Amino acid sequence: MSRTALRICPLCEATCGLTLTVEGTRVTGARGDREDVFSKGFICPKGASFAAVDSDPDRLRTPLVRRDGELREATWEEAFDAVAAGLRPVVESHGPHSVGVVLGNPNVHTVAGALYPQVLLAGLGTRSLFTASTVDQMPKHVSSGLLFGDANAIPVPDLDHTDHLLLIGANPLESNGSLCTAPDFPGKLKALKARGGHLTVVDPRRTRTAKLADRHLAIRPGTDALLLAAMAHTLFTEDLVDLAHLAPHVRGLDELRAAMGDFTPEAVAEACDIDAPVIRALARELAAAPTAAVYARIGSCTVPHGTLASWLVDVLNVLTGNLDRPGGALFPQAATDRTPRPAGPGRGFALGRWHSRVRQLPEAKGELPLSALAEEIDTATDGGAPVRALIAVAANPVLSAPDGDRLDKALDSLDFMVSVDPYLNETSRHAHVVLPPPPPSQSPHHDFAFNTLAVRNQVRYTRPAVPLEPGRMAESEILARLILAATGMHGADPATVDTMVIDQTLGKAVRERHSPVYGRDPREPAAQLTGESGPERRLDLMLRLGPYGDGFGARPGGLTLARLLAHPHGIDLGPLRPRLPQPLKTVSGRIELLPEPLAGDLPRLRAALRERPAGLVLVGRRHLRSNNSWMHNVPALTGGSNRCTLHIHPEDAVRLGVRDGADVRVKGAGGEVVAPAEVTDAVRPGVVSLPHGWGHDRPGTRLGHAGTAPGVNVNQLLDGTLLDPLSGNAVLNGVPVQLAASL
Ligand SMILES: Nc1nc2c(c(=O)[nH]1)N[C@H]1C(S)=C(S)[C@@H](COP(=O)(O)OP(=O)(O)OC[C@H]3O[C@@H](n4cnc5c(=O)[nH]c(N)nc54)[C@H](O)[C@@H]3O)O[C@H]1N2
Ligand SMILES: Nc1nc2c(c(=O)[nH]1)N[C@H]1C(S)=C(S)[C@@H](COP(=O)(O)OP(=O)(O)OC[C@H]3O[C@@H](n4cnc5c(=O)[nH]c(N)nc54)[C@H](O)[C@@H]3O)O[C@H]1N2
Ligand code: SF4
Ligand SMILES: [Mo]
């Protein structure tokens, strides 16, 4: 007997609703849920392969504990005993900063990843936090922190309504979108064109997204900040600046005008390899469009001027009056956002409140650069203890961060390491304890993170599609028990973690004037909470205190978990709406157009006006049927065009004697790799491209299929020294490399 069950897809940021086919306790198929209020039936090949991803036989079923040097199957009790015995002595002898925490990308795709890591960090008190954000979007957080006073206030392009989209360093036809949650991003771009809108794509590669564009500019990698500065310059000199409704909320316009002075289109043209008249045209088109949005993603972030580029994106949205207006770029309002406080000055955003031990790199948003993880383990200094123990949750930095070989050795030298991961892979193979979460079909789903980045306000929640298999433990319980084991409360009831968070949240809310529970006894709303589990009660709490919530009776008819459960396909909360000045938390209460740290970084950008790469530079790429490092073990998603090849332009191939299909040796500062060449004019001359997340040939992993076509680890070409200085983000694109034919 088969049945169907709803499940939001966790495999990328688009958050499509799936209808799963379930036979007994196994998911056997997936199709798009046509009634989903947001995705309306859209699905991509990854979502369609949900069953294969979910039932991969290499997923671990039981915890592994290292005994006599070998990882062996163990009970949960043995595993958590080993975690407590491994972590506590390190904390007690070397202090909390000697325990590192590494959080990977899938944490933003799970309920557990949204609800527990912050509790772990607060309980441990460690400053040694490293996440995938510093190989990804940290520059955007820093620019938002400085501009708006809130690192998480990220404007999202109003894809459904805009007349003009300038899309930079993103390839949503493969990635399905990022920091812009939009099921069927491809369809939305086609609809933009069908309604007479205009799409410009800036990318050194002629991607599938670029092929859709009215205009594609194959920029030289790493120079987007120059291009954007020259566009701002043009708006100023041609008197095209029109703040419109934003005028009362903006500070620093004259200072910004002066700071852009040197960045004339002529001055940047050669560095960007884009003609000055084209740059002027881009600026004029942006200003002339009835509504427009500038949107930039990973190709603009993972570069030497990532924070400046991220800042200039929003500067252009402000200068053209497109920030916070329909059709422009707006701040979403998610159902689990905190109760909006009244508009007014805030505390602002601080950078560099502490520094890494070895290279003295500044923290950003409480994090140290992932590129510094290896040295924080393997290098002794006078300034405190190195990282001696590591907690890795959903992270594979051996492949996703620079110089995996060095990290490999560093991880091997740790006193203790625990990985919460479904796979024994390149990173978790170093752990002393591996705690495997259940597959997604056995986990609940709600997009805490992505609803704050969605092109339409909506809320959806799906309970596990099938019950937990015997012997499995929910990831929320795994993380709650891990928190207890790490903080000296090993063996306590994991439910106490949720109760503690609920008590703290309500205890604070009853003292906040703008809270719907202001002045009430916290025990009274606590008693109203519903839900079958701790995480569900916490979701109920957030929904009820949130902007659409029932305020525990203060706003009858408002959102509650019970109401959400009564709408299995979700609840639509309407299009993005203007929200300023409420989201601003700068000290001035306004948008700071030229914050001091960014002004301080401009001399480096001025110097870049004269820089030209001497040889080839490397950029990355994604494939629709991939997801970072962890989906190469599913046969349905590999093969065909999803291969780890080096894209090289025909002119460069001829010049260097590289033949299509032949192996090429690629050298970078951190090492070398050998990959087959794929000669294609989809990359511009002077640029080669390798995808990331490959290199599945290390011993001691359990990834049967991935090992059959392992590919190479592109991040071995990096040595971890190239960073965007303000955000600590790794430079992964526009990296100098040398090629040689391989013998
Ligand atoms: N050269 C280059 N490098 C890059 C990038 C690039 O563009 N170019 N992109 C960067 C970006 S954007 C990112 S986000 C990072 C990603 O870097 P990471 O987060 O380190 O890597 P992922 O491959 O996403 O996988 C993380 C781990 O999560 C595990 N996992 C999967 N599902 C779950 C789950 O439900 N629970 C738990 N606990 N674990 C799970 C997987 O098995 C895997 O071990 O890589 C970065 N690295
Ligand atoms: N299929 C698939 N989907 C994914 C992922 C995946 O691995 N596979 N990963 C997910 C994750 S974690 C993330 S963060 C998102 C990322 O989502 P996107 O940002 O859309 O990622 P990419 O597809 O890598 O597109 C980045 C583009 O930037 C270009 N580029 C490189 N350097 C430069 C530069 O200097 N300037 C400009 N203008 N462009 C440049 C590259 O050629 C590439 O086409 O995708 C998510 N979705
Ligand atoms: S686009 Fe993303 S969320 Fe939608 S089905 Fe594909 S992988 Fe899943
Ligand atoms: Mo990412």
Side-chain angles (χ1 to χ4, degrees), residues 7-18 30-33 36 39 42-50 53 56 58-60 102-113 130-137 172 175-179 181-186 297-299 301-302 370 392-402 419-428 434-440 443 445 447 450 475 478-479 618-622 624-633 637 689-694 703 713-718 729-733 735:
R7 174 49 155 106
I8 301 162
C9 179
L11 303 181
C12 89
E13 300 183 32
T15 74
C16 303
L18 304 180
R31 55 192 158 82
D33 171 17
D36 183 287
S39 64
F42 179 79
I43 188 170
C44 85
K46 262 191 297 184
S49 302
F50 180 96
V53 173
D56 182 347
D58 281 340
R59 279 181 183 267
L60 301 173
V102 184
L103 303 175
N105 169 273
N107 283 302
V108 282
H109 295 276
T110 64
V111 165
F130 308 82
T131 86
S133 294
T134 51
V135 282
D136 188 347
Q137 82 289 359
S175 70
N176 274 310
S178 181
L179 299 189
T181 283
D184 197 10
F185 208 125
R297 228 0 323 261
I298 204 145
C301 279
T302 50
L370 189 60
V393 183
N396 193 7
V398 169
L399 293 189
S400 49
S419 272
V420 182
D421 207 288
Y423 287 107
L424 188 58
N425 65 12
E426 297 76 15
T427 297
S428 61
V434 184
L435 305 169
S443 307
H445 195 84
D447 284 294
F450 297 120
E475 187 160 10
I478 294 175
L479 294 187
L618 176 85
V619 300
R621 67 173 191 269
R622 284 176 160 75
L624 185 58
R625 286 181 292 124
S626 76
N627 188 24
N628 298 331
S629 75
W630 69 276
M631 256 174 237
H632 297 139
N633 206 49
L637 294 176
S689 167
L690 268 176
H692 71 285
W694 296 87
L703 297 166
N713 177 13
V714 65
N715 287 326
Q716 200 50 53
L717 300 172
L718 307 171
N729 209 78
V731 174
L732 306 170
N733 280 297
V735 181

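If you're wondering where the values come from, they're calculated on a predicted model, not measured in any experiment. Counting begins at 1 with the first residue of the sequence. Atoms within each ligand, like the ligands themselves, are counted from 1 in listed order.
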Part of Asn107 within contact of ligand 1 (heavy atoms, under 4.0 Å): neither
Ligand-side contact atoms (ligand 1) for residue partner Ile298, heavy atom cut-off under 4.0 Å: 12 (S)
Taking atom 3 (N) of ligand 1 as the reference point, the nearest protein heavy atom with its distance: Asn715 ND2, 3.1 Å
Non-hydrogen side-chain atoms of Asn176 and Pro186 separated by less than 4.5 Å: yes
Residue portion contacting ligand 1 (non-hydrogen atoms closer than 4.0 Å) for Leu399: neither
Identity and separation of the nearest protein heavy atom to atom 23 (O) of ligand 1: Ser629 OG, 2.5 Å
Asn627-ligand 1 polar pair, N/O distance under 3.5 Å: no
Identity and distance of the protein heavy atom lying nearest atom 35 (O) of ligand 1: Thr110 CG2, 3.5 Å
For atom 7 (S) of ligand 3, the protein heavy atom that lies nearest, with its residue and separation: Cys44 SG, 3.6 Å
Side chain proximity check, Phe50 to Pro10, heavy atoms < 4.5 angstrom: yes
Atoms in ligand 1 with a heavy atom of Asn425 nearer than 4.0 Å: 42 (O), 43 (C), 44 (O)
Within reach of ligand 1, part of Glu475 (heavy-atom separation under 4.0 Å): side chain
Heavy-atom nearest neighbour in the protein, as seen from atom 29 (C) of ligand 1, with distance rounded to 0.1 Å: Asp421 OD2, 3.2 Å
Expected output: side-chain Asn715 to main-chain Leu399 donor-acceptor under 3.5 Å: yes
Pro402: which of Leu718, Leu370, Val731 passes side chain to side chain contact (heavy atoms under 4.5 Å, CB included): Leu718
Gly693 near ligand 1 by a heavy-atom separation under 4.0 Å: no
Residue, atom name and distance, where the atom is the protein heavy atom closest to atom 2 (Fe) of ligand 3: Cys12 SG, 2.2 Å
Heavy atom of Arg622, distance to ligand 1 below 4.0 Å: yes
Option whose closest heavy atom lies nearest to atom 45 (O) of ligand 1, chosen from Ala401, Ser428, Ala395, Ser400: Ser400
Presence of N, O or S from Cys16 under 2.8 Å of atom 4 (Fe) of ligand 3: yes
Ligand 1 N/O within reach of Asn396 N/O, cut-off under 3.5 Å: yes
N/O/S from Cys9 sitting under 2.8 Å away from atom 2 (Fe) of ligand 3: no
Identity and distance of the protein heavy atom lying nearest atom 6 (C) of ligand 1: His692 ND1, 3.3 Å
Subset of ligand 3 atoms that lie under 4.0 Å from at least one heavy atom of Leu11: 7 (S)
Atom indices of ligand 1 within 4.0 angstrom of Val714 heavy atoms, with elements: 1 (N)
Ligand 1 atoms in contact with Pro437 (distance to a heavy atom under 4.0 Å): 36 (N), 37 (C), 38 (N)
Top protein contact for atom 1 (S) of ligand 3, by heavy-atom distance: Asn176 ND2, 3.2 Å
Close-contact set for ligand 3 against Lys46 heavy atoms, below 4.0 Å: 7 (S)
Polar atom proximity, Tyr423 to ligand 1 (N or O, under 3.5 Å): no
Per-atom contacts of ligand 1 with Gly104, taking only distances under 4.0 Å to non-hydrogen atoms: 19 (O)
Proximity to ligand 1 by part of Asn105, non-hydrogen separation under 4.0 Å: both
Check: Phe42 main-chain N/O paired with Ser39 side-chain donor or acceptor under 3.5 Å: no
Validation row: Lys46, Cys12 side chains within 4.5 angstrom (heavy atoms): yes
Considering all heavy atoms, the nearest Ile8-Asp447 contact: CG2-OD2, 3.4 Å
Side chain to side chain, Phe130 and Val135, heavy atoms closer than 4.5 Å: no
Closest protein heavy atom (residue, atom, distance) for atom 13 (C) of ligand 1: Asn628 ND2, 4.0 Å
Nearest-contact summary for atom 40 (C) of ligand 1 - protein heavy atom, Å: Pro422 CD, 3.3 Å
For the student: nearest non-hydrogen atoms of Leu703 and Asn425, plus distance: CD1-CB, 3.8 Å
Asn713 side-chain N/O to Val398 backbone N/O, donor-acceptor pair under 3.5 Å: yes
Whether His109 and Phe450 hold their rings parallel, tilted or perpendicular, with breakpoints at 30° and 60°: tilted
Atom indices of ligand 1 within 4.0 angstrom of Leu732 heavy atoms, with elements: 2 (C), 3 (N), 4 (C), 5 (C), 6 (C), 8 (N)
Leu732 side chain reached by His692 side chain, heavy atoms, under 4.5 Å: no
Close approach, Pro106 and ligand 1, non-hydrogen under 4.0 angstrom: yes
Within reach of ligand 3, part of Asn627 (heavy-atom separation under 4.0 Å): neither
Distance-minimising heavy-atom pair for Val102 and Pro397: CG1-CG, 4.2 Å
Side chain, backbone, both or neither: Val135 near ligand 1, heavy atoms under 4.0 Å: both
Protein heavy-atom partner closest to atom 25 (O) of ligand 1 - residue, atom, separation in Å: Trp630 CD1, 3.4 Å
Residue pair Ser400 / Asn628, side-chain heavy-atom distance below 4.5 Å: no
Close side-chain approach of Arg297 to Asp136, heavy-atom, < 4.5 Å: yes
Proximal ligand 1 atoms for Asp136, defined as those under 4.0 Å from one of its heavy atoms: 12 (S), 14 (S)
Under 3.5 Å donor-acceptor, Thr181 side chain and Glu13 backbone: yes
Close side-chain approach of Pro691 and Arg621, heavy atoms under 4.5 Å: yes
Main-chain N/O of Val393 paired with Asn107 side-chain donor or acceptor, under 3.5 Å: yes
Donor + acceptor pair across side chains of Tyr423, Asp56 (<3.5 Å): yes
Donor-acceptor contact present, side-chain Arg7 to main-chain His445, <3.5 Å: no
For ligand 1, the portion of Val420 having any non-hydrogen atom under 4.0 Å away: both
